[in-house]
Amino acid sequence: MQRGGAYLSLCVTSCAGVQNAFGGQGAEDANFVRLFAVFMVVCTVMYLIVSAALVIAVWRRRQATLTIEDRKHHETSAATRPALIVWTVLIAVGLVGLTIASFFTDRSNAANGSKPRLSLTVTANQWWWDVEYNSPDASKIVRTANEIHLPVGVPAQVTLKSNDVIHSFWIPNLAGKQDLIPGRVTDAQLLPRKTGLFRGQCAEFCGVQHAQMALDVTVESKAAFDRWYAAQLQPGRPPANPLQLAGYRYVTTRECSSCHNISGTPAGGHVAPDLTHFASRRSIAAGALPMNRGNLYGWVADPQSQKPGNHMPTVGLAANDLHAIVAYLEALK
Amino acid sequence: MPGKDYASTRFSGLRQLTPQNVGDLQVAFTFSTGTTEGFEAPPLVVNKTMYVIAPWPNNVFALDLTKPGAPAKWTYEPKPAAAAKGVACCGPVNRGAFYSDGRLFLNLLDGNTVAVDANSGKELWRTKVADINKGETLTMAPLVADGKVLVGNSGGEMGVRGWLTALDATSGKLAWRAYSTGPDKDALIGSDYRAPYPQDQGNDLGVRSWGPDQWKIGGGTVWGWLSYDPELKLVYYGTGNPGPWNAEQRPGDNKWTAGIFARDVATGHARWFHQSTPHDLFDHDDINESILVDWPAPNGQRIPALIRPSRNGYLYIQDRRNGRILSADPYGYINAYNGVDLKTGRIIPVPEKEPKEGRVVRNICPGPPGAKDWNPSAFSPVTGLVYIPHLNICMDMGIKNANYIPGTPFVGADVKMYPGPGGNRGVFTAWDPVARRKVFEIKEDLPLWSPALATGGGLVFYGTMDGWFKAIDARSGKLLWQFKTGSGIIGQPISYRGPDGRQYIAVPSGVGGWAGAIVSADLDERDPTAALGFVNAMKDLKKRTTKGGTVYVFALPK
Amino acid sequence: MSLRCPNSVLALAMIAALCSCDREERQTRGKPLGETIPTVASPDTIFPGRATPPPLDPRAAQYEGNASAIAEGQRLYNWMNCAGCHFHGGGGMGVALMDDKWRYGGRIDQIAASILEGRPNGMPAWRGKLTEQQIWQLAAYVRTLSGQERKDAVSARADEVSNTPPQTQTKREPLRPADSDQQ
Amino acid sequence: MTPAERAKQPPAKVPRDGPKLTGPKLEEKLAETWSNPPGFIGWLSSVDHKDIGRRYVITALIFLALAGALAVVMRLQLSKPDNDLIGAARYNEIFTMHGTTMMFLFAVPVMQGMQIYLTPLMIGTRSNAFPRLNAFSYWTYLAGGCLLWVAFILNIAPDIGWFAYPPLSGPQFGVGKRADIWAQMVTFTEVAALAAAVSLTATILKQRAPGMSLARMPIFVWATLVTSLMVIFSMPSVALASSLLLSDRLVGTHFYNPAENGDALLWQHLFWFFGHPEVYIIFLPATGFVSEIVATFSRRTIVMYPIVVMSLVATGILAFGLWVHHMFATGLPRIGYSFYTAASMSVSIPTGLQIFCWIATLWEGRPRLQVPLLYVIGFIFTFVIGGLTGVIIAAVPLDLQLHDTYFIVAHFHYVLIGGAVFPLLGAITYWYPKATGRMMSETLGKVSFWMIFLGFQLAFFPMHIAGINGMPRRVYSYPAGMGLELPNLLSSIGSMVVAVAVLLFVINMVVSLRGGLKAAPNPWGAPSLEWATSCPPPKYNFPHIPVVDSRTPLWDAGEKMSVVHGLRVEERELLLTTVMHAKPDLREPSAEPSIWPFIATLATTVMFVSSIFSPWAVVIGAMPVIIALTAWFWPKSPAPEREPVIS
């Protein structure tokens, strides 16, 4: 019956992992782990008390009992009233303590996010994330999809919007989740403490592909972040060889350009992920497949079989078009 | 020329018609162009010939005024590409041609500018300046000055990049092209550019005031009116709205859109620019006409100024040498702006009227066509008043994510327009630019989409969208005479001296344009957002007028 | 007693199963290459030699009255800027789609052909810019604007500024071939 | 003798139960008066609370089995990463059906079914206050259940989650008629629940046996009273929410359309204002079961009866004050959240007191470890873990991490299965002899208890770990390499064990129907009134209405329990007593069995289902409903004149 003990040890061991609330790499998540430990201790103690009382109550040897057999079924022994008072005080004190602890943790979370030095806007769509880095100089705005790069130690303010249904922006290793609600603008604060590669996922049921709507989070040093940001500002790389040129010609004139945008090319679609620096990302289709040539072929040829029901149609490409497109997309570093 | 003169006063000096005798005006003759689209172009009368410029398919007719009934001498049929109608946002219209030393210059809807010999009707040259596959069309009336034909494109709703192009009048070859967005070398902004206010001064503002690459599809089209000052050799024109209408999708001031350029006509270099509506939220292009007059300043000396009743509802009077604002007063009902700060020249927006994605914002006045759309006002030096035929329309606006596909509309907004306070959709205002106040105002039920004409005899002519052609007293605004034409009037009335010396008044009558689209394109009034929201305000137009395409010419009986 | 009643319910369910289970079938797989829209979906209504009009394309049944195809069509109608010209059926630059005038035919395959090949007075051709499945879905949605599709497959409104009366209540317009009055 | 002639008899001549008319002769007359009309029509028109209660419980258990099967299918799909046993769309349908069926078609109805069956027996009366309303309530509930499951068979099952958040359930993203069917099913079930709750409240307040003052009422009846009042206050909120959704989807109103200044959060507030009281509506009757079972098997009354009753009422009231803890992640102001954290914490205090009283009762008495008590012990062990995880997720910073993850799935399965299903199984074992006259087998009972208890821990404890490892709710698959494989596999195995255990329990119920030991009227030696009559109780429950003078009538009065005389015999008549002290007050004629409630349900079903397709159906469909209702309330026998009661 030592539920509490096993419970605590199991959690601590399995706290590695890319998407884990016990990662503790973000300020808010570190607060979460500390508060969670405090709650666990108090709850385990309460649980042990109750279990012990129950076990003893059921299996203890007893002589005089106040039961119907001895016609004393209405009486109660003198000790029950003080025991009840002690028990009520114990519960009240425990709960008030926990409430105060949670209140102070909430205040420290709010303090962490109060002076942001980086501002993003994440707009959730049905089953992918549209990420924009805002900057006072409008022409320095970077637009990417399904990935977020954060400089370590810099508090970031993430403005959350949704184009269709309610989603939830959740990167367990950094911070708690916040919903993205159409018609409303909510915000989340991220303050990464340690560098690393993490993964966030949509946590509010948002339709048929809710399960495959993840985003890759990379926390890196300030210098690495600035290099990445500068690279993202460049337009899409022009095709280098004839195969890439054929791919470029297909992507920027046929079905792809109706939805996708590649800066520096006539493809200007605004309703699907921005592909300008597609090859520099870690995964395809909002975390559905890791980024490699095989998955790229599989995805472009028939997206409906990888992520059935999503809004990218199966175009039914001829073999040479497929090779050309994949060659061109792989060059979009 | 359409504006009667380079200063676009639309004032005819003839004095035969006076408030006393205008009562017995009667029809002298009529001419039907055989088209049913919006008939906006004014007929041009040059040495006893009236040139009638029809809307789609842009036919030109030369009528011999010497013969009774003015039969057509020749007809010029340019046959523009039909696909252009698919990218003409507000009706396949044409706002007029320009006559200059024996040639007629006009724009065709499919992006060609043509020169036609005035007496034979033979096409001299045809230059392709705009590409309909990108959504560009030509609807504006060209202006010929200093041997150059100045042409601007339209397609602000199609994600087009606006420009003003100068073609050589004789050969039609491209002289220079000034873009409304993009780097300074594209916008021909050089060393001699001095902006009246600091926020319009800076290098490559046309790129830095846009999101990355958004200036390439940023609008700023030049589809309105040009004015030319021969002494200063400057051409004044306004740039259209930034694209798309969804302002959240294009952060920044979106430089050189919705503002007034003054350019040197020979080289095209900009002399000054003032942005009347930075980061425009409600499609308030600033293409309206600039009337060039000398304005008596309070300290007595006369400043060469330009008067412009802008679409955002303020009547700007600016010094046309350097663009400084002398006065900016509202001439219509406005609740979307809090005025213009004369020190910084910047308009003061009202925060809660700013549309947000995913939420409708209600009761925004003036609506997208603004307090006055493209139909130009007239200035009468006799009374010193500006006669403004304008609108009283408000709207509900909801913006959404706009997807850019070249050749398709790039708007990103759901709009519903409805009459503003007072319930009347049109207002005819006489404005005293010196005293900066309204002298008189006539409330019209339907929006006023027809330009005004002032005459030396103290009369002002304008037409209503259900076909009434009205003459009012220039001083008191009293209605003196009106005539019911066959279709709604959205064209420019003109006045000319006929071969027999009498004063004739001609007016094109053919409903259409953005306001009349419900009739000219027979739209369905059950969809309030149709035609960018105008159908919601014009549900009754179908019962009050039908399509048409006729020029009516009036004169006093012999 | 309670055992007998579920059997009758199940029997009833089997009969009802046939009629409505395809109304909401989601077809997620697009068709591979080689399947084109039959060019025979001509807008004409006069056939010399008393020939019968061409049969309806077999795939029409898969998209007509299918709720998920109509929903996809509604989304594409906004995404591909059809709303920019035709708005919510009232028209603007484009013709009105909610009235009864169909110059190039109002059947689903004729509408699909109009989208695919474009029409002379300004309708762009979407061949190569949209897949066949998307074009069929758009055609299915366009038919709901004039109330052609069955009322239980359409959505009353979209999450946007209120515009036309709810499609679940629009009456079915007859399909009349309009004369091409404009040049 | 026809009712008309009977009415004209002078009062003295009317046959009444009393010293002269007692024993088998009285029972034979009463049986004839209170019996159902013959044949299938008779079965349909029965208004006997025992029939309706039994049908409620059996139908709810069938739905439990169906939803349980769906749960097993879900666990198979989630047993290994990137599994494609069932596609995404089908999985969404299945988890929606599982959630909706468990919450709306099993949990609330089974509790109300047990309450309808037991309340008249425990308070010593012959029938519920509004018997025909009860019949209507059951048929409407059955119609709602059939609507949902027929839609599932017809492949138009809702796939929007049991909470159906717009805009996903709105007209644009809720494709076809799926969300309408969900919303209409909610309308059905809340009409049924409201009807049952109204009837139970009236029964408890007005029809208690003389002498059974509020202080002497059994605790299960207290729990029934509190839950019925909670149903009456919370169901209208979800009724409003689902009607607004239906009108959005059918006639294009803009309640939840963010673009037209409607708000998606309006739905969440309305839904969770009902949602949280609903989970207490499921939990409080279970505490009633536990109190009864603990009292009987510890051979003594519950320790500190007023404390237990006060905590029942406190839980009922506090439940209405904490619904926003379901919406901690929607960006509402932080100060508001801290109020709801405090409220959510405070609701665990009354439950803590109840647990204290149960353990104190076990401590004072001599517990007999039979199957019902085993389930109570399993309940305490499981529910306390669920309660404590509830305290954890009541804190905002913790909830922001754990909200909508499998940690929450574990929490509510612990409090719902642990907190409600365990006591329910114990209650079914405890009252099975009363309902069927046969005992359930003790050995098979113990085996299925231990299997369900351990299987439950194996199934749902690893979900805490999966939740912390970042597995969101309602995902049809998860990628490998995130530490989710082991917890999910364990959960899947555990769910199989639970499935088998439930199967064993059902077999035990069916086999014992004939093979079980014959049951004496009071096989467990329990103190409350329902054990005073035979197993299974006759149609009229009690030959003479008993008089109660203590909390444990059978233990105190035993055989020589005084009774009331003077109720009519040839007509269905009940004795009404005053609310506070249950002093005899009036005679109340009880409604005759009638087919009209069933026909009224058919009419409402036709109206509700067709109103999914056209708004006019509401207008046209209302006619038959009105006709059915008028026929239902048409007065039969002329109202008897007032008479003095002779005790």
Side-chain angles (χ1 to χ4, degrees), chain A residues 3 10-11 14 17-22 31-32 35-36 39 43 46-47 50 53-54 57-58 65-69 73-74 76-77 80 84 87-88 91 95 99 102-103 105-106 109-110 164-166 168 172 176-179 181-183 186 201 203-211 308-309, chain D residues 87-89 92 161 165 167-168 173 258-259 263-265 299-301 303-304 329-331 334 338 341-342 345 349 352-353 355-356 359-360 362-367 377 380-381 384-385 388 391-392 395-398 400-401 403-405 465 468-470 472 474-477 482-483 552 555:
Chain A
R3 278 283 160 270
L10 249 178
C11 297
S14 66
V18 172
Q19 183 175 318
N20 188 307
F22 264 11
N31 280 346
F32 163 79
L35 190 66
F36 190 83
F39 268 68
C43 292
M46 299 295 276
Y47 187 75
V50 169
L54 180 64
V58 174
T65 60
L66 308 166
T67 61
I68 174 73
E69 276 69 22
H73 54 280
H74 281 300
T76 53
S77 65
T80 35
L84 176 71
W87 172 252
T88 322
I91 295 182
L95 289 180
T99 314
S102 107
F103 182 67
T105 316
D106 208 16
N109 285 348
D164 34 52
V165 293
I166 296 176
S168 192
K177 58 180 68 61
Q178 286 292 338
D179 283 3
I181 301 162
T186 50
Q201 190 159 6
E204 179 63 63
F205 182 62
C206 56
V208 74
Q209 278 304 333
H210 161 63
Chain D
N92 292 345
Y165 278 177
L168 183 63
F173 298 99
D263 198 343
L265 287 188
R299 312 306 304 140
R300 56 157 294 112
T301 61
V303 161
M304 278 178 282
T330 52
R334 282 179 187 271
S338 38
T341 302
M345 297 272 193
I349 296 173
L353 296 188
I355 289 172
F356 175 87
I359 295 178
L362 287 168
W363 189 285
E364 305 277 327
R366 175 178 288 105
I377 291 164
I380 291 181
F381 276 121
V384 173
I385 295 180
L388 293 174
V391 164
I392 289 172
V396 172
L398 302 183
L400 286 184
Q401 278 288 14
H403 178 64
D404 267 348
T405 67
I465 316 299
I468 285 178
N469 279 358
R474 304 157 186 138
V475 284
Y476 73 99
S477 75
M482 275 166 55
T552 53
W555 282 352

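Fair warning: this is a prediction, and the values are worked out from it, not measured in the lab. Labels below follow one simple rule: chain letters A, B, ... track the order of the sequence lines, proteins then strands, and each chain is numbered from 1. Values below: every heavy atom of this structure, side chains too, minus hydrogens, waters and symmetry copies.
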Got a salt bridge between D:D404 and A:K177, using NZ or NE/NH1/NH2 to carboxylate O under 4.0 Å? no
Given heavy-atom pairs under 4.5 angstrom as the criterion, report whether the side chain, backbone, both or neither of [X] touches chain A.
X      : answer
D:I355 : side chain
D:A259 : neither
D:L265 : side chain

Once rounded to the nearest 0.5 Å, what's the spacing between atom [atom1] of [X] and atom [atom2] of [Y]?
X      : Y      : atom1 : atom2 : value
A:I166 : D:T330 : CD1   : OG1   : 8.5 Å
D:I377 : A:L54  : CD1   : CG    : 5.5 Å
D:L400 : A:T105 : CG    : OG1   : 11.5 Å
A:L95  : D:T341 : CG    : OG1   : 12.0 Å
A:F39  : D:I392 : CZ    : CD1   : 7.5 Å
D:W363 : A:T80  : CH2   : OG1   : 11.5 Å

Where on [X] is there a heavy atom nearer than 4.5 Å to chain D: the side chain, the backbone, both, or neither?
X      : value
A:N31  : neither
A:Q201 : side chain
A:L84  : both
A:I181 : side chain
A:T186 : side chain

For a 4.5 angstrom cut-off between non-hydrogen side-chain atoms, does [X] reach [Y]?
X      : Y      : answer
D:Y165 : A:V165 : no
D:F356 : A:I91  : no
A:M46  : D:V384 : no

Determine yes or no for a side-chain-to-main-chain donor-acceptor pair under 3.5 angstrom, with A:W87 supplying the side chain and D:G352 the backbone.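 The answer is yes, because a donor-acceptor pair under 3.5 Å joins these two groups.
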Taking the side chain from A:Q19 and the backbone from D:M482, do they hold a donor-acceptor pair closer than 3.5 Å? no
Trace of the side-chain hydrogen bond (donor to acceptor under 3.5 Å, both in side chains) decision for A:S77 with D:E364: CA-CA 8 Å; A:S77 65; D:E364 305 277 327; 2.7 Å; yes
Could you tell me which non-hydrogen atom of [X] sits nearest to which non-hydrogen atom of [Y], and how far apart they are?
X      : Y      : result
D:L168 : A:G207 : CD2-N, 3.8 Å
D:Y476 : A:P308 : OH-CD, 4.3 Å
A:S102 : D:A395 : CB-CB, 3.5 Å
D:P258 : A:G183 : CB-CA, 3.8 Å

Please state whether the rings of A:Y47 and D:F381 are parallel, tilted or perpendicular, taking 30° and 60° as the class boundaries. tilted
For chain D, the option from A:D164, A:T88, A:T76 that forms the most heavy-atom pairs under 4.5 Å: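 With the most close heavy-atom pairs to chain D, the winner is A:D164.
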Please determine, among A:C206, A:P182, A:S168, the option with the most heavy-atom pairs under 4.5 Å with chain D. A:P182
Pick from [options] with the largest number of heavy-atom pairs that fall under 4.5 Å of chain A:
options                        : value
D:L398, D:N92, D:I359          : D:L398
D:R299, D:R474, D:R334, D:Q401 : D:Q401
D:V396, D:V391, D:T405         : D:V391
D:G365, D:A88, D:G331          : D:G365

Among all residues two or more places apart in sequence or in another chain, which pass the side-chain contact (heavy atoms from CB on, under 4.5 Å) test with A:F103? A:R107, D:S338
